[in-house]
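One structure is given here, and the rest of the page talks about it.
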Amino acid sequence: MTINWKQTLMVACNIVVGIYLVMAVTAFNDPDEAMAKECTEVEIDIEKESMEGFLNPGEVKKLLTQHKLYPLSQPMSSISPRKMEETLQKSPFVEKAECYKTLSGHVCINIKQRIPVIRIMSDNDDNYYLDNHGNIMPEAGYATDILIATGHISKKYAQNVLSKIANHIVSNTFWKNQTVQLNVLTNGTLEMVPRVGDHIVFLGSPTNIDNKLERLRKFYIYGLNKAGWNKYSYINVEFNNQIICKKNN
């Protein structure tokens, strides 16, 4: 009797594929049967940004625990990734949250956090942060080396004006390192306190900020580098094509 090895191999392959399909369909129709019985590990991944935010895995665990949603050691069938996402996204420090379960008993939490770009400390005692989209974040921590704004600041002015200026400053390496503070005067004009140099910069109205800062940058490079960084106490870049300086006494 001659064995048709080609035909036998095809039959064997068909059997293997059939078994796989049956198992796959079973897992699809009854995923809880294929899934581990309880959560054995929680993986929290917070997207890294160029600037420091307020969130860390400990804060995420604390938030979920407060709402009785932290999944570790809980039955996988009772864990709701959607409820976890909804809860996390209510936090003023979370921009986006994605949660899901794996067959191995892990629960994965991926978070994109809101990044503070400026701290508002106004003369009406308001104290809060603005993120890079102009959204208000409560004063619930401290972000190091962040731009501070003081003075006569309403929430409308902060969100519509200062957030744009702050984004421009933090997106520019030179000004991110050089700018410490913005001060808003009662008429809405701006002063800037630099990190290097014993002077105050008057920016004037909050318009054409990119042009004003570029003129100031060139003045720093070609003027103060030669004259000395502490020669002037006040530098006015409000007007086009001119820079007005007041000497230190």
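Because the structure is a prediction, the values reported are computed rather than measured.
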Fill in: Lys96/Glu98 under salt bridge (Lys or Arg N to Asp or Glu O under 4.0 Å): CA gap, chis, key distance, verdict
CA-CA 7 Å; Lys96 185 178 181 181; Glu98 292 182 348; 3.5 Å; yes
Item to complete: For the pair Ser163 and Ile118, evaluate side-chain contact (heavy atoms from CB on, under 4.5 Å) and give the outcome as yes or no after the intermediate values.
Response: CA-CA 7 Å; Ser163 65; Ile118 187 169; 5.8 Å; no
Discussion item. Asp131 vs Val117, test: side-chain contact (heavy atoms from CB on, under 4.5 Å). Steps then yes/no.
Written reply: CA-CA 5 Å; Asp131 71 5; Val117 295; over 6 Å; no
Item to complete: Test side-chain contact (heavy atoms from CB on, under 4.5 Å) on Ile243 and Asn236 and set out the steps.
Response: CA-CA 6 Å; Ile243 295 177; Asn236 185 334; over 6 Å; no
Practice prompt. Given side-chain contact (heavy atoms from CB on, under 4.5 Å), test Gln178 with Tyr220 step by step and report yes or no.
Written response: CA-CA 11 Å; Gln178 173 67 353; Tyr220 279 168; 3.6 Å; yes
Practice prompt. For Phe219 and His199, run ring-ring contact (aromatic ring centres under 6.0 Å, His included): C-alpha distance rounded to whole Å, both residues' side-chain angles, the deciding distance at 0.1 Å, then the answer.
Written response: CA-CA 13 Å; Phe219 177 69; His199 59 266; 8.4 Å; no
Practice prompt. Determine, stepwise, if the pair Arg217 / Glu214 fulfils salt bridge (Lys or Arg N to Asp or Glu O under 4.0 Å).
Written response: CA-CA 5 Å; Arg217 187 186 68 84; Glu214 179 58 19; 2.8 Å; yes
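Looking at Ser233 and Asp198, their side chains never come closer than 4.5 Å, going by heavy atoms from C-beta outward. The closest side-chain heavy-atom distance from Glu191 to Leu182 is not below 4.5 Å. Using a 4.5 Å heavy-atom cutoff, the side chains of Glu43 and Val107 are not in contact. Side-chain atoms of Leu190 and Leu185, non-hydrogen and from C-beta on, never get closer than 4.5 Å to each other. Under the 4.5 Å side-chain criterion, counting only non-hydrogen atoms from C-beta, Met84 is in contact with Leu64. A heavy-atom distance below 4.5 Å is not found between the side chains of Pro138 and Tyr128. Looking at heavy atoms from C-beta onward, Ile148 lies in side-chain contact with Met121 at the 4.5 angstrom threshold. In this structure, Lys164 and Asn167 have side chains that are not in contact, with every pair of non-hydrogen atoms separated by 4.5 Å or more.
When all heavy atoms of Ser78 and Pro75 are compared, the closest pair comes out as OG-O, 2.9 Å. Pairing each heavy atom of Cys39 with each of Pro71, the nearest pair is CB-O, 3.1 Å. Of all heavy-atom pairs spanning Pro116 and Tyr129, the tightest one is CB-CD2, 3.9 Å. For the pair Tyr232 and Cys245, the tightest heavy-atom approach, listed with the atom from each and the gap, is CD2-CB, 3.4 Å. The heavy-atom pair separating Trp229 from Asn225 by the smallest distance is NE1-OD1, 3.1 Å. Nearest approach of Ala97 to Ile111, heavy atoms of both residues: CB-CG1, 4.4 Å.
A chain of hydrophobic side-chain contacts below 4.5 Å, direct or via other Ile, Leu, Val, Met, Phe, Trp or Tyr residues, connects Ile79 to Leu72. Neither Val193 nor Val184 shares a network with the other; the hydrophobic side chains, linked directly or stepwise wherever heavy atoms of I, L, V, M, F, W or Y lie under 4.5 Å apart, form separate groups for each. Hydrophobic clustering (side-chain heavy atoms under 4.5 Å, transitive across Ile, Leu, Val, Met, Phe, Trp, Tyr) keeps Ile169 apart from Ile200. A continuous path of hydrophobic side-chain contacts links Leu203 to Tyr157 [ILVMFWY only; heavy atoms under 4.5 Å]. Transitive grouping of hydrophobic side chains (ILVMFWY, heavy atoms separated by less than 4.5 Å) brings Val196 and Ile235 into a common cluster.
At distances below 3.5 Å, at least one donor-acceptor pair connects side-chain atoms of Arg195 with backbone N or O atoms of Asn177. Side chain of Lys212 to main chain of Thr207: a donor-acceptor pair is present (N/O by atom type, distance under 3.5 Å, no hydrogens or angles). When atom types are taken as modelled, the side chain of Gln113 and the backbone of Val94 share no donor-acceptor pair closer than 3.5 angstrom.
Side-chain contact, Gln181 with Thr150: a donor N or O sits under 3.5 Å from an acceptor N or O. When only modelled atom types and interatomic distance are considered, Asn241 and Arg215 share no side-chain donor-acceptor pair under 3.5 Å.
The CD1 atom of Ile120 sits 9.5 Å away from the CD atom of Gln159 when rounded to the nearest 0.5 Å. The distance from atom CD1 of Ile109 to atom SG of Cys99, rounded to the nearest 0.5 Å, is 5.0 Å. Rounding to the nearest 0.5 Å places CZ of Arg119 at 15.0 Å from CG of Leu162. Atom CG of Asp210 is separated from atom CG of Asn172 by 10.5 Å, given to the nearest 0.5 angstrom. Taking NZ of Lys226 as the reference point, atom CG of Leu224 lies at 12.0 Å (rounded to 0.5 Å). In this structure, CG in Leu216 is found 12.0 Å from NZ in Lys218, a value given to the nearest 0.5 Å.
Between Phe174 and His168, the distance separating the two ring centers is not shorter than 6.0 angstrom.
Ring geometry for Phe202 against Tyr234 counts as parallel: the plane angle stays under 30°, on a 0 to 90° scale with 60° as the upper cut.
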